[in-house]
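Notes follow once the structure below has been shown.
Here is how names work: the chains are called A, B, and so on, in the same order as the sequence lines, proteins then strands, and each is numbered from 1.
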Amino acid sequence: DVVMTQTPPSLSVAIGQSVSISCKSSQSLVYSDGKTYLHWLLQSPGRSPKRLIYQVSNLGSGVPDRFSGTGSQKDFTLKISRVEAEDLGVYYCAQTTHFPLTFGSGTKLEIK
Amino acid sequence: EVQLQESGPGLVKPSQSLSLTCSVTGYSITSNYWGWIRKFPGNKMEWMGYISYSGSTSYNPSLKSRISITRDTSKNQFFLQLNSVTTEDTATYYCARYILDYWGQGVMVTVSS
């Protein structure tokens with residue numbers, strides 16, 4: 001299985017600050033069609049996960065542009081600019097390039 | 001609007017089978033891929049398997065022969081059966097579209113005698 005290593009495991013940030021989360025995969029996530037199927041999800045407290053970003057850098061429906069994704073091959077980053085209170089929760093990266101689908105271990109974002 | 005809703009018992013005894021239903025509205029399950037994902041106590045997430053638009057299935061090898069995903073297209077529902085459960089199967093179970101854009105609200109299942 002592709003191992004997804006997420007860091008840091010937790011973050012505490014003040015409202016208005018920016019933050020980055022890293023996700024590294026044990027194999028390249030470039031599929032045979034040339035696309036990279038790396039996604040970012042947020043699970044807010046008491047809610048089901050929500051897809052924020054798909055295929056590295058595409059914003060999901062209704063996701064504010066404070067969220068951005070970058071990266072390639074095996075190294076990916078989620079950046080949140082100007083953190084807001086509603087951004088707290090657990091962030092996951094996930095890959096659907098290789099079978100089986102695998103998730104990162106999660107990054108818990110707390111608001112100071 | 002696409003909505004998914006899980007249903008099923010919240011408590012299952014060890015060695016028994018866990019059975020859950022996912023009811024989908026706003027989108028036909030005869031299109032795309034539909035699956036089950038679980039989140040263990042803590043943050044670990046595990047993809048369990050999916051059923052495709054044609055009814056073919058794919059399962060996480062970690063679950064070996066314990067898992068079965070089926071569907072009823074007339075009701076736009078798909079189902080999870082996990083056999084021979086142990087306490088390690090205690091988790092919140094989600095149904096979701098495979099591309100992870102639509103999720104159910106989740107159902108917490110505890111395996112305990």
How about [X] and [Y]: do any of their side-chain heavy atoms sit closer than 4.5 Å?
X	Y	value
Asn43(B)	Tyr92(A)	yes
Lys39(B)	Pro49(A)	no
Trp103(B)	Leu41(A)	yes

Considering residues, nucleotides and ligands other than [X], do more than 12 of their heavy atoms fall under 6.0 Å from its [atom1]?
X	atom1	result
Arg47(A)	CZ	no
Glu110(A)	CD	yes
Tyr53(B)	OH	no

Interchain contact, Ile99(B) with chain A, by part (heavy-atom threshold 4.5 Å): both
Region of Tyr98(B) in contact with chain A, defined by heavy-atom distances below 4.5 Å: both
Which portion of Leu52(A) sits near chain B, non-hydrogen atoms under 4.5 angstrom: neither
Phe99(A), part contacting chain B, at a heavy-atom distance under 4.5 Å: side chain
Is [Y] reachable from [X] through a run of hydrophobic residues whose side-chain heavy atoms are each under 4.5 Å from the next?
X	Y	result
Trp36(B)	Ile67(B)	yes
Met48(B)	Trp34(B)	yes
Leu20(B)	Tyr33(B)	no
Val2(A)	Tyr50(B)	no
Leu42(A)	Ile111(A)	yes

Using every non-hydrogen atom in the two residues, find where [X] and [Y] come nearest and quote the distance to one decimal.
X	Y	value
Leu100(B)	Arg51(A)	O-CB, 3.3 Å
Leu101(A)	Trp47(B)	O-CB, 3.6 Å
Gln43(A)	Tyr94(B)	NE2-OH, 2.7 Å
Gly104(B)	Ser48(A)	O-CB, 3.0 Å

Point-to-point distance, once rounded to the nearest 0.5 Å, from OG1 of Thr102(A) to CD of Glu46(B): 11.0 Å
